[in-house]
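Take a look at the structure below.
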There are 2 protein chains.
Amino acid sequence: MAQSDTVDRILDAAEELFAERGFSETSLRMITSKAKVNLAAVNYHFGSKNALIHAVFARFLSPFSATLETAFDNLEERCNGQPPTLYQTLWALTESAVRMPQRNDRGISIFMRLLGLAYTQSQGHLRKFLEQEYSQPFGRFMRLLKEATPELSSVDRYWRIQFMLGATAFTMSSSDALRDILQNKTGIETSVQEIAARLVPFLAAGMQAPDKLLMPPPESKVSVA
Amino acid sequence: MAQSDTVDRILDAAEELFAERGFSETSLRMITSKAKVNLAAVNYHFGSKNALIHAVFARFLSPFSATLETAFDNLEERCNGQPPTLYQTLWALTESAVRMPQRNDRGISIFMRLLGLAYTQSQGHLRKFLEQEYSQPFGRFMRLLKEATPELSSVDRYWRIQFMLGATAFTMSSSDALRDILQNKTGIETSVQEIAARLVPFLAAGMQAPDKLLMPPPESKVSVA
DNA sequence: CTCCGCTTCAAACGTATGTTTCAAACAGAC
DNA sequence: GTCTGTTTGAAACATACGTTTGAAGCGGAG
């Protein structure tokens, strides 16, 4: 073969194993044996394990980043200068993720799980890589969020964005496991699209919740029987 | 010293390092050197690294579990047979966590971060350990949630609980970093209690959001100017 | 065919890990 | 003081890791 497919086989195997087990817990030997390539191939083609991790992310994040930009473009165009609503912004993001061309049916799950891991596993090199490669669409998303929630103080918005990120990253990072649990308990099959469709209203409602309270909730007074 | 403090020193160091770096990324040598004890002490006192991980969790989870049970007892007693509201249930949980006697001021953050890691890092042995040791308070919390949201289908409730867990675990697990970022940007100091006070309304609102939608949001139609 | 750059391969390297070993140090009971 | 069971200590163990090496294999150009 003139153009070797070794690189893609490695990326496929790595992507799947990383998503299943995390980065530190996945060895190059697992990857190369799953990909049926020689151990040295990883260092030959990518340079190091960390560079392989970056490549795995770049392969799906770069097209996603582009898709997201055009989705935001379309959204803002449709709004004729008015800021898009929170719902619309969240939905644009979700659709961009869900509509991405997938290599296989689990593609979206793996995609999400990896994003969750990226946030969760404290791999300094990864965070640095993602920040400097994909800061633009992220910044734009933040700006849209700000315009969509002008009623929030910037501190409230800051924290609620963290809550949204958490709910999303966490759920997505274990979406396979959670789906399986539900499947075993109730027999119900759930697609990633459905999870997303349930997540968006949850996030939007949380984001627009009434003010924070600093004291115990009103109902918690001891009632005199 | 009759009762050696080696065990506690190991637990303290392990707790902190695990919270900072994750389990796989923390070696016994890091732990023992931080704790200023001999390397072999871990295996002598705990048996294995995995057993040490369990011990770290048990040390804060067991008292928390007890505190939580009495908090739920008090709550249910105050309600005279009526099911506690969602707000009250969430608040009981939050207060139990926040009011736990802490070894130091970072105690609560570490506590939360470890819980997040336990969910996220796919350490099979840990999940098994937590499930069989702390299924009771967890199950009770689930039952209270169910009674507080009778309007939700069990599938909706299942997913929304996952979203809540995610927002909580994620935020709390990086609360130190998030607090610092906010501090640097705005000069505002934030306590864990305040974060909790912002989180609870977010969660409650999300939990009680209107039905999931299966289509794009209503506002996303192209408006005819 | 010969050559050359690129790719694969088996093997080894150095390092770090969790765990084990066994002697030394220690504390409390007698 | 002496004995005994427990705890510490330095060192080694076996294993797994990421990475490097150098030779073998290969395809197209001259």
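Being a predicted model, the structure only gives us computed values, none of them experimental. Both backbone and side-chain heavy atoms feed into the values below; hydrogens, waters and symmetry mates do not.
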Polar side-chain atom of [X] near backbone of [Y] as donor-acceptor pair, under 3.5 Å:
X         : Y         : answer
Arg198(B) : Trp159(A) : no
Arg113(B) : Ala19(B)  : yes
Arg157(A) : Thr149(A) : yes
Arg160(A) : Phe202(B) : no
Glu147(B) : Leu144(B) : no

Euclidean distance, atom [atom1] of residue [X] to atom [atom2] of [N] [Å, nearest integer]:
X        : N       : atom1 : atom2 : answer
Phe46(A) : dT7(C)  : CZ    : P     : 12 Å
Asp5(B)  : dC26(C) : CG    : P     : 16 Å
Glu25(B) : dA16(D) : CD    : P     : 19 Å
Tyr44(B) : dA25(C) : OH    : C1'   : 13 Å
Arg9(B)  : dT8(D)  : CZ    : P     : 9 Å
Asn50(A) : dC17(D) : CG    : P     : 16 Å

Report yes if a side-chain nitrogen or oxygen of Ser48(A) is closer than 4.0 Å to either non-bridging phosphate oxygen (OP1 or OP2) of dG18(D); otherwise report no. no
Think His45(B) has a side-chain N or O under 4.0 angstrom from the OP1 or OP2 of dT6(D)?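 No, because none of the side-chain N or O atoms of His45(B) sits under 4.0 Å from OP1 or OP2 of dT6(D).
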Which class fits the ring pair Phe23(B) and Phe57(B): parallel under 30°, tilted 30 to 60°, perpendicular over 60°?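 It falls in the tilted class, 30° to 60°.
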Going by distance alone, is a donor N or O of one side chain under 3.5 Å from an acceptor N or O of the other, for Thr171(A) and Gln162(B)? no
Give, for atom CG of Asn74(A) and atom CD of Glu76(A), the distance between the pair rounded to the nearest 0.5 Å. 10.0 Å
Among residues at least two apart in sequence or on other chains, which ones pass salt bridge (Lys or Arg N to Asp or Glu O under 4.0 Å) with Lys34(A)? Glu16(A)
Are any protein N/O atoms closer than 3.5 Å to N/O atoms in nucleotides 13-17 of chain C? If there are, list each pair with its distance.
{"residue": "dT17(C)", "atom": "OP1", "partner": "Ser27(B)", "partner atom": "OG", "Å": "3.2"}

Rounding to 10 degrees, work out the angle separating the end axes of the helix from dC1(C)-dG30(D) to dC30(C)-dG1(D) (five pairs an end).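 Computed from the C1' atoms at both ends, the axes differ by 20°.
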Qualifying residues under ring-ring contact (aromatic ring centres under 6.0 Å, His included), relative to Phe129(A), sequence neighbours excluded: His54(A)
Is there any side chain to side chain donor-acceptor pair (under 3.5 Å) pair reaching into residues 55-73 of chain A, and which pairs are they, with sequence neighbours excluded?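 As it turns out, the side chain to side chain donor-acceptor pair (under 3.5 Å) pairs with a partner in residues 55-73 of chain A, which skip direct neighbours, are Asp12(A)-Arg59(A), Glu15(A)-Arg59(A), Ser62(A)-Tyr134(A), Glu69(A)-Gln136(A), Glu69(A)-Arg140(A), Asp73(A)-Arg140(A).
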Among residues 34-43 of chain A, which contact DNA chain C at a heavy-atom distance under 4.0 Å?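 When residues 34-43 of chain A is checked for heavy atoms under 4.0 Å from DNA chain C, the hits, listed by number, are Asn38(A), Ala40(A).
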